[in-house]
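Report on the structure given below.
Nothing here was measured: the structure is a model prediction, and the numbers come from that model. Counting begins at 1 with the first residue of the sequence. Below, all heavy atoms of this structure are taken into account, side chains as well, without hydrogens, waters or symmetry copies.
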Amino acid sequence: MAAPSRHRRRWLGWLPAIILSVAIVGVGVAASLLVGAGLGQPAPKPTQGQVTDLNWSSFSEEGLAYIESSRQIRIDLSRPPVEAAPLGLASDGVLELFPVDTGDTVLNYEVIVNGAGEGPGGVKVTASEVRVVTAAGELTHVLLTSAYGSGFRVVLQDLLDDAKTYGWDTSGVPEIYTRVEDATRAGTPYEFSFGPSSRLGFDATATARCETSAYCTVEYDLAPSIR
């Protein structure tokens with residue numbers, strides 16, 4: 001049986017390089033198309049009606065469209081009571097915003113809440129879910145489900161690290177460990193909280209809700225302080 005010619009072997013040697021080059025070109029074209037469509041670009045500046053007169057988020061139809069495109073929410077709780085109508089909110093109700101799953105990634109929300117209090121005077125939370133609660137014509141609660149769930153010990157340490165910023169009392173940590181041990185033995189879910197504290201200029205509470213597997217998610221309850 002005759003051996004393959006050197007010419008044929010040399011041509012086959014170039015084949016992987018040709019395939020790689022085609023793949024690189026394909027990736028470059030796809031990236032160019034996505035960038036051209038706006039992916040990775042800064043959100044455009046809001047137009048009139050998409051934000052309030054003071055540049056805080058509006059939850060009107062136009063405002064919600066801007067929030068959807070920018071994935072950013074800015075709320076001012078520094079001057080209570082916070083009236084619902086100027087923010088485009090119903091007098092009584094709950095406005096819910098959920099993450100968008102593109103199939104490749106999940107788009108969360110960057111939420112900035114201002115209280116003009118001590119320290120940084122506010123917080124920024126990356127949230128997977130946002131609920132804005134109103135009652136009797138006023139905003140009463142901003143509920144944020146953190147996008148970053150984790151195991152019990154990691155979540156507890158993260159909240160302890162944030163305690164100074166929020167002004168939370170952490171003296172109850174030994175009791176938390178006792179409660180978690182009891183729940184683990186019983187095979188039941190459990191939860192624990194820090195707060196409320198008004199150090200940032202609004203009332204802030206964080207509640208970790210944990211499954212029997214010890215995986216926990218955190219919800220922040222931020223509310224205008226009563227003054």
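- Put simply, the side chain of L200 reaches to within 4.5 Å of the side chain of Y166, judged on heavy atoms.
- Taking the ring-ring contact (aromatic ring centres under 6.0 Å, His included) definition, one finds that F152 meets it with Y177, F192, sequence neighbours left out.
- With hydrogens and angles ignored, the 3.5 Å screen pairs a side-chain donor or acceptor of T134 with a backbone N or O of A90.
- The salt bridge (Lys or Arg N to Asp or Glu O under 4.0 Å) test applied to R179 returns E175, not counting sequence neighbours.
- In this structure, I67 is a member of the same hydrophobic cluster as L95, with clusters built from ILVMFWY side-chain heavy atoms closer than 4.5 Å.
- The two residues P120 and R199 make their nearest non-hydrogen contact at CD-NH1, 4.2 Å.
- Residues passing the salt bridge (Lys or Arg N to Asp or Glu O under 4.0 Å) test with D182, sequence neighbours excluded: R185.
- Put simply, the side chain of T205 never gets that close to the backbone of G195: no donor and acceptor are under 3.5 Å apart.
- Atom CG of residue D162 and atom OG1 of residue T170 lie 12.0 Å apart, to the nearest 0.5 angstrom.
- Between L144 and the options V132, T126, V218, V111, a side-chain contact (heavy atoms from CB on, under 4.5 Å) holds for only V111.
- A donor-acceptor pair is defined here as one N or O able to donate and one able to accept, closer than 3.5 Å; such a pair exists between the side chain of W168 and the backbone of A204.
- Taking OG of S91 as the start and CD of E83 as the end, the distance is 10.5 Å to the nearest 0.5 Å.
- There is no side-chain donor-acceptor pair under 3.5 Å between T102 and D104.
- Between the OG atom of S198 and the CG atom of L222 there is a distance of 12.5 Å, given to the nearest 0.5 Å.
- Side-chain N/O atoms of N108 and S128 include no donor and acceptor closer than 3.5 Å.
- One N or O on the side chain of S57 and one on the backbone of R74 form a donor-acceptor pair closer than 3.5 Å.
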